[in-house]
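Below you'll find the structure, written out as structure tokens, and then a few comments.
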Amino acid sequence: RTDRSSVDRPRKEREEQSPPKKNPSHDGQEKDFDLRAQKREESRIYGINACLAFFEHRLPLLVKAYLTERTAPKFGTVMKYCAAQRLVYRFVSDTELEKITGSNHHEGVCFVIKKSPVLAATKWLRLHGRVPEQIVLALENVGNPHNLGAIMRSCAHFGVPAIAVHDAAAMLSGAAVRTGEGGAEY
């Protein structure tokens, strides 16, 4: 018999005759999408006051919101904004929110945001000039996010416009922003 079905043919012979499988990463539209790059450009902030301050000052950087049902009443305007902008917001349990934030101190809310650009000290000075009345706080060897958050909160209270640190990533971590209670936005 010369005409064998694909089941009767040996596997190697079937693979040689079948067209090559299409790799989705070589598809035109999907080629530009890189999930890892997207995650590098995003950050998570959590805590009621931190998220409300973010929403008030840096609204266009919001990507999605996770809320527990108990905190939803405080975030009605956030949910309306997300719906109007077609952004994702989800109700999750405390356990799910702990996994998303990596912390049990989330206070029932987490925002996924686009990271803000970090300015080098020289660029900040070029943009703002050397104004004698301005105070810039320079920190050395302070890396604990809770300490950084408390410092941000104090600087916001006293009107300090900038904090210079060696590692800006620690300054913008979820724990530092939550501890800052909104001070990261000032």
Side-chain angles (χ1 to χ4, degrees), residues 22-120 123-124 127 143-153 155-157 161-163 165 167-186:
K22 215 174 181 184
N23 188 343
S25 64
H26 295 146
D27 237 357
Q29 187 178 13
E30 291 190 53
K31 183 170 45 174
D32 296 333
F33 181 74
D34 183 2
L35 186 61
R36 288 185 189 136
Q38 179 184 356
K39 288 191 177 198
R40 280 192 301 269
E41 295 170 2
E42 293 177 349
S43 181
R44 288 176 169 74
I45 61 168
Y46 47 91
I48 293 171
N49 291 330
C51 289
L52 288 175
F54 172 87
F55 186 73
E56 185 179 324
H57 294 278
R58 293 190 291 158
L59 183 60
L61 298 179
L62 181 64
V63 175
K64 65 179 99 168
Y66 296 100
L67 306 162
T68 60
E69 289 192 26
R70 67 179 160 78
T71 57
K74 294 178 183 173
F75 290 91
T77 55
V78 173
M79 291 184 287
K80 285 179 187 175
Y81 173 80
C82 288
Q85 299 298 314
R86 298 184 183 264
L87 297 175
V88 175
Y89 71 91
R90 279 188 48 206
F91 292 104
V92 294
S93 68
D94 282 324
T95 307
E96 287 176 291
L97 206 49
E98 284 179 26
K99 289 178 184 174
I100 293 167
T101 61
S103 171
N104 60 349
H105 300 292
H106 50 71
E107 298 177 5
V109 61
C110 174
F111 286 175
V112 177
I113 62 170
K114 294 176 190 168
K115 288 183 180 176
S116 297
V118 177
L119 293 178
K123 188 170 185 175
W124 189 89
L127 289 172
N144 182 304
H146 297 99
N147 292 341
L148 291 169
I151 291 167
M152 279 192 287
R153 189 172 59 241
C155 287
H157 176 76
I163 302 172
V165 292
D167 183 15
M171 194 73 160
L172 301 174
S173 70
V177 173
R178 180 191 59 81
T179 306
E181 296 279 341
E185 306 307 321
Y186 294 94

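Being a predicted model, the structure only gives us computed values, none of them experimental.
Taking each heavy atom of Y46 and A175 in turn, the nearest pair found is OH-N, 3.3 Å. The heavy-atom pair separating V88 from C82 by the smallest distance is O-SG, 4.4 Å. When every heavy atom of V109 is checked against every heavy atom of I48, the shortest pair comes out as CG1-N, 3.7 Å. Between K74 and L52, the shortest heavy-atom contact is O-CD2, 3.9 Å. Contact record, A72 with F91: CB-CE2, 3.4 Å, taken as the closest heavy-atom pair. Contact detail for P60 and Y81: the closest heavy-atom pair is CA-OH, 4.3 Å.
With ring centers used as reference points, F75 lies 6.0 Å or more from F55.
Note that the CG atom of L97 and the OG1 atom of T71 stand 8.0 Å from one another [nearest 0.5 Å]. H105 NE2 to E98 CD: the interatomic distance, rounded to the nearest 0.5 Å, is 9.5 Å. We find the CD1-NZ distance between I100 and K64 to be 8.5 Å, quoted to the nearest 0.5 Å. Taking NZ of K99 as the start and NE2 of H106 as the end, the distance is 12.0 Å to the nearest 0.5 Å. Taking NZ of K115 as the start and CG of L61 as the end, the distance is 13.0 Å to the nearest 0.5 Å. Taken to the nearest 0.5 Å, the CG atom of N49 stands 10.0 Å off from the CZ atom of R153.
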Please assess R70 against D94 for the test side-chain contact (heavy atoms from CB on, under 4.5 Å), listing each intermediate value before the final yes or no. CA-CA 10 Å; R70 67 179 160 78; D94 282 324; 3.1 Å; yes
List the steps and the verdict of side-chain contact (heavy atoms from CB on, under 4.5 Å) for L62 and Q85. CA-CA 10 Å; L62 181 64; Q85 299 298 314; over 6 Å; no
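Of the possible polar contacts, none joining the R44 side chain to the C110 backbone as a donor-acceptor pair under 3.5 Å is found. Side-chain N or O atoms of E42 include none that pairs as donor or acceptor with a backbone N or O of V112 at under 3.5 Å.
Contact check for V78 versus F111: side-chain heavy atoms found under the 4.5 Å cut-off.
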